[in-house]
S.K.: 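Before I ask anything, here is the structure I am working with.
A, B, ... follow the sequence lines: proteins, then strands. Residue 1 opens every chain. Because only heavy atoms are used, hydrogens play no part in the values below, and waters and symmetry mates are left out as well, while side chains stay in. As the structure is a prediction and not an experimental result, all values here were calculated from the model.
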Number of protein chains: 2
Amino acid sequence: MAETAPRLAALDRDTLGDSAYQTLSDALIKGRFQPDDRLRIRDLAAELGTSVTPVRDAVLRLVQDRALVMRSPRDIRVPILSSADYLEIRTIRLNLEGLAAEKAADAVTSAHIAELERITAEKERALLAGDGAYATELNQVFHFALTDIAGMPVLKSVLQRLWLQMGPLIAEMYRTSGLEVVEHHHILIQALIDRDGQAAAAAIRSDILERGAPILERIRRAEREAAAGAG
Amino acid sequence: MAETAPRLAALDRDTLGDSAYQTLSDALIKGRFQPDDRLRIRDLAAELGTSVTPVRDAVLRLVQDRALVMRSPRDIRVPILSSADYLEIRTIRLNLEGLAAEKAADAVTSAHIAELERITAEKERALLAGDGAYATELNQVFHFALTDIAGMPVLKSVLQRLWLQMGPLIAEMYRTSGLEVVEHHHILIQALIDRDGQAAAAAIRSDILERGAPILERIRRAEREAAAGAG
DNA sequence: ATTTGATATATGATGCATCATAATCGGCGA
DNA sequence: TCGCCGATTATGATGCATCATATATCAAAT
């Protein structure tokens with residue numbers, strides 16, 4: 001104990017509960033759960049190799065995030081986002097991600113630019129390779145990088161929860177998309193290089209609107225079908 | 001299955017965990033905890049008359065909300081908001097509450113107006129009676145009423161978490177404020193009557209900025225003192 | 001065969017025992 | 001007297017037993 005050497009990383013930072021939360025969040029973002037899927041704490045615990053306690057912790061936190069819903073006291077499910085829910089989240093994202101882009105333009109450095117370009121290039125490769133799950137992940141990384149550049153950790157946590165709510169839908173969208181989904185990223189990067197906050201905000205908003213269009217279409221189609229089915 | 005009768009209300013089967021979350025949230029908003037206070041799960045459980053499990057559930061959710069922080073694995077505290085944190089939250093609120101006010105102007109009814117006027121009148125009475133805690137609560141009710149009028153439940157949940165983070169600070173501010181804190185509420189109500197979304201958004205933004213000024217001052221003073229004390 | 005009510009099962013909620021470890025305290029040596 | 005090492009205590013994390021109750025199963029009556 002003569003010295004508290006700055007170990008490379010206090011790796012174990014995570015409790016099992018945090019780990020379960022991360023794992024389930026990833027699964028939601030990657031689309032490994034479908035809307036309306038039912039989750040059972042005991043089953044998840046068996047899958048994760050822990051007792052129910054950490055899984056329960058994680059599930060409760062995800063319910064708090066609205067990333068899961070407790071339909072009845074014993075029925076935990078992946079929510080089915082209504083078109084109204086989706087539009088509301090989209091409106092909030094247009095505001096907040098626009099804000100992040102604007103602030104990022106004030107704080108951006110060349111190192112940040114390089115990082116964003118690296119992420120975008122890798123995302124293009126993933127898309128060309130047909131690896132939708134990886135592209136989804138990189139897309140998320142790109143969007144959250146803006147909040148990091150802007151130096152807005154609270155905003156980041158807010159947006160993470162909103163993304164979690166849309167998780168399964170985004171993953172679905174990426175399964176059928178091509179290179180057009182990076183178009184606005186290039187425009188955004190250029191705006192950041194120009195330190196043009198308004199243009200950066202506009203770029204991210206266009207990205208949200210255009211890539212959201214097919215998602216909204218899918219939701220509305222599902223709602224029409226459900227309405228028809230229920231008579 | 002002949003019909004899914006809309007039962008009057010499944011009278012929220014609140015679990016003990018939900019109840020603990022509510023109780024602790026209220027305590028934070030009402031200022032019954034001070035920044036940097038340490039919380040002990042076992043103590044809280046004793047106070048609430050339950051086992052540790054529901055309290056742990058609640059505390060984990062509050063940590064997720066950033067309304068509490070785990071400074072070290074065994075040290076749960078009410079966070080000390082830095083001025084940077086506060087300004088970031090303020091920026092987000094300016095955007096989101098502005099958005100709520102704007103949308104509320106599109107959806108408002110005379111019943112809504114009456115409700116807002118009722119809340120404001122009661123808040124004035126509370127302020128005149130020197131009941132800061134009740135005024136704080138009514139202020140919160142007023143702000144969240146806007147998201148209800150706007151029909152934006154997701155936005156409401158986002159804002160609730162932001163308010164929770166500022167909880168102890170807001171309560172402190174209300175202990176020393178007078179009737180000026182309702183001024184913008186009247187302007188806002190008039191804007192809603194006029195269905196003028198821009199004016200409504202401007203009113204709520206002025207409210208946030210002006211009532212936030214003394215809070216920010218207090219934070220900065222505390223930071224200066226801490227810096228001086230640490231030499 | 002369909003409905004209905006009793007029974008069995010499934011599953012989250014709750015309480016509690018135990019564990020690991022950080023914080024605290026006490027004693028020993030200089 | 002002061003400071004360091006080991007024992008003690010405090011406290012969140014984890015696992016698990018039990019409970020309450022929603023859901024599913026099944027038998028009996030019509």
Side-chain angles (χ1 to χ4, degrees), chain A residues 1-7 9-25 28 33 36-79, chain B residues 1-25 33 36-79:
Chain A
M1 252 285 261
E3 46 173 13
T4 18
R7 245 164 300 169
L11 271 208
D12 60 309
R13 279 323 279 140
D14 268 4
T15 66
L16 286 179
D18 291 335
S19 167
Y21 179 82
Q22 272 309 318
T23 302
L24 292 177
S25 295
L28 283 166
F33 294 119
D36 209 41
D37 273 2
R38 181 168 175 200
L39 276 62
R40 266 162 286 241
I41 289 179
R42 281 167 171 83
D43 291 353
L44 293 172
E47 234 177 297
L48 297 175
T50 73
S51 76
V52 299
T53 305
V55 176
R56 218 179 83 86
D57 291 349
V59 166
L60 285 175
R61 287 165 65 187
L62 288 165
V63 168
Q64 170 99 343
D65 292 340
R66 294 168 162 258
L68 295 177
V69 293
M70 301 209 50
R71 197 188 270 190
S72 76
R74 234 71 58 77
D75 192 354
I76 301 166
R77 284 174 191 263
V78 178
Chain B
M1 248 258 291
E3 50 174 6
T4 21
R7 241 164 302 165
L8 271 204
L11 250 261
D12 285 293
R13 307 259 331 123
D14 253 13
T15 67
L16 287 179
D18 291 336
S19 167
Y21 179 82
Q22 271 310 316
T23 302
L24 293 177
S25 296
F33 295 119
D36 208 42
D37 273 2
R38 181 166 175 202
L39 276 62
R40 266 164 285 244
I41 290 178
R42 282 169 171 83
D43 292 353
L44 293 172
E47 232 176 300
L48 297 176
T50 73
S51 77
V52 299
T53 304
V55 177
R56 220 179 82 87
D57 290 351
V59 166
L60 286 175
R61 287 165 63 186
L62 288 166
V63 168
Q64 169 99 345
D65 291 341
R66 293 166 161 258
L68 295 176
V69 293
M70 302 208 52
R71 196 188 272 190
S72 76
R74 235 70 59 76
D75 191 355
I76 300 166
R77 283 174 192 265
V78 178

S.K.: Could you state the CD1-C1' distance from B:I41 to C:dG15, rounded to the nearest angstrom?
M.R.: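 It is 14 Å, rounded to the nearest whole Å.
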S.K.: Counting only non-hydrogen atoms, which of residues 57-66 of chain A are less than 4.0 Å from DNA chain D?
M.R.: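 Nothing qualifies; none.
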S.K.: Could you state the CZ-P distance from A:R74 to D:dT23, rounded to the nearest angstrom?
M.R.: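 The distance from CZ of A:R74 to P of D:dT23 comes to 8 Å, rounded to the nearest Å.
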S.K.: Under a plain distance cut-off of 3.5 Å, with no hydrogens placed, do A:D14 and A:Y21 share a side-chain donor-acceptor pair?
M.R.: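 Result is no, nothing qualifies.
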S.K.: Please state how far atom CG in B:L39 lies from atom C1' in D:dA10, giving the value in whole angstrom units.
M.R.: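 Value for this atom pair: 16 Å.
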S.K.: Over how many whole Å does the gap from A:R56 atom CZ to C:dT11 atom P extend?
M.R.: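 Rounded to the whole Å, the gap is 16 Å.
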S.K.: For a side-chain contact (heavy atoms from CB on, under 4.5 Å) check, start with the C-alpha distance between B:T23 and B:L48, then their side-chain angles and the critical distance, and finish with the verdict.
M.R.: CA-CA 9 Å; B:T23 302; B:L48 297 176; 3.8 Å; yes
S.K.: For B:R71 and C:dA23, what is the distance between atoms CZ and P respectively, to the nearest whole Å?
M.R.: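 So the two atoms are 11 Å apart, to the nearest Å.
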S.K.: Can you say whether a donor on the side chain of B:R42 sits under 3.5 Å from an acceptor on the base of D:dG12, or the other way round?
M.R.: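 Answer yes: a donor N or O sits under 3.5 Å from an acceptor.
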S.K.: Run the numbers on A:R71 and A:D36 for salt bridge (Lys or Arg N to Asp or Glu O under 4.0 Å), then give the verdict.
M.R.: CA-CA 10 Å; A:R71 197 188 270 190; A:D36 209 41; 2.5 Å; yes
S.K.: Could you check how far CG of B:D75 sits from P of C:dT21, rounded to whole Å?
M.R.: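 Going from CG in B:D75 over to P in C:dT21 covers 18 Å.
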S.K.: Take the C1' atoms of the five end pairs on each side of the helix from C:dA1-D:dT30 to C:dA30-D:dT1, derive the two axes, and give their angle rounded to 10 degrees.
M.R.: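 Its terminal axes enclose an angle near 10°.
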S.K.: Could you state the atom-to-atom distance from CG of B:L16 to C1' of D:dA20 in whole Å?
M.R.: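 So the two atoms are 12 Å apart, to the nearest Å.
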